[in-house]
Amino acid sequence: MERRIELVVRSTLSDLALVAACVRGVCAEHLVDPSSCAHVELALDEACTNVVRHAHPDDPEHRFSITLCVSPTELEFVIADAAPPYEFGAGRLPPAPAGRRDQLPEGGFGLPLIRATMDLAEYRHERGVNILRLVKRRHGMGTTVPARAPR
Amino acid sequence: MHRDARHVGDVIIITPAVERIDGEGAGEFKDELLAAVTSGHTRILLDLARVLFIDSMGLAAILSALKQMGDRGDLRVCAPRPEVRSVLELTRLHRVVPVYETRAEALRALGQIVS
């Protein structure tokens with residue numbers, strides 16, 4: 001049986017700690033591995049921070065949504081935000097830092113971290129809404145993990 | 001951001017006293033690191049023992065301080081919790097900012113006598 005809730009979040013960084021608390025609670029209940037919980041919290045933080053900083057810089061009047069779905073096999077998070085599309089791209093982490101320090105990257109870690117920490121990260125822009133779907137498999141919960149085609 | 005700072009030899013140890021270094025607090029964190037650099041400290045040990053969570057904004061603050069220090073500065077991290085260490089390793093930041101399990105280990109590596 002699936003269970004689903006929707007969070008409506010103000011576009012302000014100060015509210016993201018509340019989102020994190022909610023995500024931590026869901027993960028603690030439904031994921032076995034603490035490192036998986038930490039990875040989910042990080043991915044959701046990065047996704048929401050992107051919305052707040054890039055799409056609607058600290059505009060608490062703007063709202064975006066996060067839909068959490070718990071199924072026997074996975075946790076799914078869908079972040080939906082009415083905003084112009086962005087380049088999700090390959091989202092690879094920058095290469096291992098080397099060479100001169102003044103050439104080190106200071107940014108570009110957010111989307112790659114999302115990809116690196118979740119089992120699935122899909123982005124699409126639909127009818128003016130950015131939709132980011134993130135999935136974490138529930139390994140070790142006494143369930144099998146069937147193959148699942150992207151939506 | 002509340003933080004502790006103390007000196008051991010010529011090393012300044014900065015200990016953020018917050019559990020999260022994220023989009024909300026990273027700016028202040030960065031300002032404090034840069035303040036240590038601009039005040040002349042060339043050897044900084046960042047003790048992350050109290051930090052439960054760090055995101056890309058926090059990492060950017062560390063990298064910014066490292067760049068500000070230039071090639072002769074020395075910035076190291078100690079005592080990260082597993083969740084924080086995982087982020088440092090995923091982004092390979094640990095290859096440019098040495099990471100130590102404990103403060104004592106880091107200070108020994110920095111040539112300081114640990115009592």
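Naming convention: chains lettered A, B, ... in sequence-line order (proteins, then strands); numbering from 1 in each chain. Only a predicted model underlies this, so the values are computations on that prediction, with no experimental measurement involved.
Linking ILVMFWY residues whenever their side-chain heavy atoms come closer than 4.5 Å, directly or via other members, places Ile21(B) and Val96(B) in the same cluster. Placement of Tyr100(B) and Val84(B) in two distinct hydrophobic clusters is found when ILVMFWY residues are connected by side-chain heavy-atom separations under 4.5 Å, directly or transitively. Under the 4.5 Å side-chain heavy-atom criterion for grouping Ile, Leu, Val, Met, Phe, Trp and Tyr, Ile5(A) is connected to Val19(A) within one hydrophobic cluster. Put simply, Phe53(B) and Val18(B) are part of the same group of oily side chains (I, L, V, M, F, W, Y) that touch within less than 4.5 Å, one to the next. Grouping the Ile, Leu, Val, Met, Phe, Trp and Tyr side chains by contacts below 4.5 angstrom, directly or via other members, places Leu7(A) with Leu134(A).
Here the OG-CG distance, from Ser56(B) to Asn50(A), works out to 7.0 Å after rounding to the nearest 0.5 Å. Summarising the geometry, atom CG belonging to Leu90(B) is positioned 14.5 Å from atom CZ belonging to Arg115(A); distances are rounded to the nearest 0.5 Å. Within the model, atoms CZ of Phe109(A) and CG of Leu93(B) stand 6.5 Å from one another, a figure rounded to the nearest 0.5 Å. In this structure, Leu52(B) CG and Glu41(A) CD are separated by 8.5 Å, a value rounded to the nearest 0.5 Å.
Counted by atom type alone, Glu83(B) and Ser35(A) present zero donor-acceptor pairs between their side chains at under 3.5 Å.
Chain B forms more heavy-atom pairs under 4.5 Å with one residue of Ser14(A), Ala38(A), Ala20(A), Ala17(A) than with any other, namely Ser14(A). Between chain B and the residues Thr12(A), Leu16(A), Leu42(A), the largest count of heavy-atom pairs under 4.5 Å involves Leu42(A). With chain A as partner, the option from Met57(B), Gln68(B), Glu24(B) having the largest number of non-hydrogen pairs under 4.5 angstrom is Glu24(B). Of the listed residues (Thr117(A), Val52(A), Thr49(A), Asp45(A)), the greatest number of heavy-atom pairs within a distance under 4.5 Å of chain B belongs to Asp45(A).
Within a 6.0 Å radius of CD in Glu89(B), other residues, nucleotides and ligands contribute more than 12 heavy atoms.
At a 4.5 Å heavy-atom cutoff, the contact between Ile54(B) and chain A is made by backbone atoms alone. Residue Ser64(B) touches chain A through both its backbone and its side chain, counting heavy-atom pairs closer than 4.5 Å.
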